[in-house]
Amino acid sequence: MKHKILVTGGLGYIGSHTVVELQSAGYEVIIVDDLSNTRMEVLGKIAQITGTKPHFENFDLVDSELTQKFFDLHPDLSGIIHFAAFKAVGESVENPLKYYRNNIQSLINILENMERLKLSNLVFSSSCTVYGQPDELPVTEQAPRKAALSPYGNTKQISEDIIRDTVVASTIRSISLRYFNPVGAHPSALIGELPLGVPNNLLPFITQTACGIRPQLRVFGSDYNTPDGTAVRDYIHVVDLAQAHLVAVNRLVNNLGKAPYEIFNLGTGNGNSVLEVIQSFEKVSGVKLNYTITDRRPGDVEQVWANTQFANDELGWKAQLSLDEMTLSAWKFQLELNKNNQ
Ligand code: UFG
């Protein structure tokens, strides 16, 4: 019997890559996604890559009745990876209640059903945003969390706290994964980041500018206290990130964790500036990017990159793919999208 894993938000960017890894490793996957920030075609692309179409249900996990019905039909889940959440920082500032309601209520619904059915294994999508601007770099999991800079960031902090407290009071075991900056796409170029509307994040903005969908990239700030003045992040290839989720699920399913609740940084351990990302993109694509330097974007931290020692040692996982592999795969995915939109 295959272990059955529920992947919420499994048609999203990181979710879809993780479903591919889970299915390739022999897990049976059930996806719940309300399609609020992705497209239905992703399901077919996952099937094309893996040869298996995952079971799919389209509903909003904020709806407690639908969520309960779903769990009643699937009381035998070996694990749950909870990706489904809103993630646009700016939108969360404009509409905080939308973020608190969606990101917090869906988590509570899942945890209540896990408790009710005595399901134990939860992997949660957290973010390096919980650190704010850390006092020491690279940042370890023990670094104090700073006051969140946005309602989105606050939902990640609150969610971590909800899981921590629930684990103490129940038989649920959980791993929170704090992502740094996921970029890139699957080597097949069939799945990748699919921003609906104007992208907020750097890589999709670069690839859309390079192919003329956007006229110009704005580099937000060149007066940071960094080697070239632009902000520094720890970019990690989404396939490396997806593989870390597989390792986390294996750890929970096989009861290998050292504590009922564990937290891991997922990054490469390297910081790259915005200009370095642009240079990498121009090199691998052969396209000269139209960009201009503008003011800083409010709420951006200056620099952050991960100490990955704990994840490397405990999970036996290490990011493998380089910045050039990230920018090239993002570009190939953009070219594939353009082909299909012609
Ligand atoms: N950037 C630009 N121009 C753009 C877009 C981004 O210069 O058009 C810069 C940003 O200023 C930043 C870097 O590129 O220095 C990366 O920006 P992203 O928006 O891609 O990523 P962030 O680091 O801002 O966001 C990430 C996660 C969020 C999380 C946030 C916390 O995507 O989920 O970190 O800081 F909330």
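For ligands, and for the atoms within them, numbers begin at 1 and follow the listed sequence.
Of the protein's heavy atoms, Tyr152 OH, 3.2 Å lies nearest to atom 33 (O) of ligand 1. The protein heavy-atom contact nearest to atom 9 (C) of ligand 1 is Val274 CG2, 3.8 Å. The protein heavy atom nearest to atom 11 (O) of ligand 1 is Asp300 OD2, 2.6 Å. At the top of the distance list for atom 13 (C) of ligand 1, counting protein heavy atoms only, stands Tyr235 OH, 3.5 Å. In terms of protein heavy-atom proximity, atom 15 (O) of ligand 1 is closest to Ala231 CB, 3.2 Å.
The heavy atom nearest to atom 1 (N) of ligand 1, considering only Phe220, Tyr179, Phe180, Tyr131, is found in Phe220. When Arg296, Arg297, Gln216 are checked for heavy-atom proximity to atom 17 (O) of ligand 1, Arg297 turns out nearest.
The heavy-atom pair separating Ile104 from Ser159 by the smallest distance is CD1-OG, 3.8 Å. Across all their heavy atoms, Gly184 and Ser329 have their closest contact at CA-OG, 3.4 Å. When every heavy atom of Cys211 is checked against every heavy atom of Trp331, the shortest pair comes out as CB-CH2, 4.0 Å. Taking all atoms of both residues into account, the shortest heavy-atom contact from Ala248 to Val123 is CB-CG2, 4.1 Å. A pairwise comparison of heavy atoms in Ile191 and Ala185 identifies O-CB, 3.4 Å as the closest pair.
Using a 4.0 Å threshold on non-hydrogen atoms, atom 36 (F) of ligand 1 counts as touching the protein.
Using a 4.0 Å cut-off to heavy atoms of Asn200, the atoms of ligand 1 that qualify are 5 (C), 19 (O). Counting the atoms of ligand 1 from 1 in the order shown, those under 4.0 Å from a heavy atom of Arg233 are 12 (C), 15 (O), 22 (P), 23 (O). Set against the non-hydrogen atoms of Val219, the atoms of ligand 1 under 4.0 Å away are 7 (O). For ligand 1, the atoms sitting less than 4.0 Å from at least one non-hydrogen atom of Arg218 are 2 (C), 3 (N), 4 (C), 7 (O), 8 (O), numbered in the order shown with element in parentheses.
Counting heavy atoms closer than 4.0 Å to ligand 1, residue Asn181 contributes side-chain atoms (C-beta onward) but none from N, CA, C or O. Looking at Leu149 against ligand 1, nothing comes within 4.0 Å, counting heavy atoms. At a 4.0 Å heavy-atom cut-off, ligand 1 touches Leu202 through backbone and side chain alike.
In this structure, Val89 is part of the shell of residues with a heavy atom less than 4.0 angstrom from ligand 1. Ligand 1 is never approached by Tyr224 to a heavy-atom distance shorter than 4.0 Å.
Using a 4.0 Å cut-off between charged side-chain N and carboxylate O, Asp161 and Arg164 make a salt bridge. Note on Asp223 versus Arg296: salt bridge recorded, some NZ/NE/NH1/NH2 to OD/OE distance being below 4.0 Å.
Considering Asn109, Thr8, Leu66, Asp34 as possible partners of Leu61, the one that fulfils the side chain to side chain contact (heavy atoms under 4.5 Å, CB included) test is Thr8. When each of Ser127, Ser150, Ser176, Cys128 is tested with Lys156 by the rule side chain to side chain contact (heavy atoms under 4.5 Å, CB included), just one qualifies, namely Ser127.
With hydrogens and angles ignored, the 3.5 Å screen pairs no side-chain donor or acceptor of Asn272 with any backbone N or O of Val277.
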Evaluate ring pair (Phe, Tyr, Trp, His ring centres under 6.0 Å) for Phe83 paired with His17, printing each intermediate quantity in order. CA-CA 12 Å; Phe83 289 106; His17 289 81; over 10 Å; no
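At least one N or O atom of Asn201, backbone or side chain, sits closer than 3.5 Å to an N or O atom of ligand 1. Inclusion of Lys87 in the set of residues having an N or O under 3.5 Å from an N or O of ligand 1 is not warranted.
Here Tyr152 and Phe86 keep their ring centres 6.0 angstrom or further from each other.
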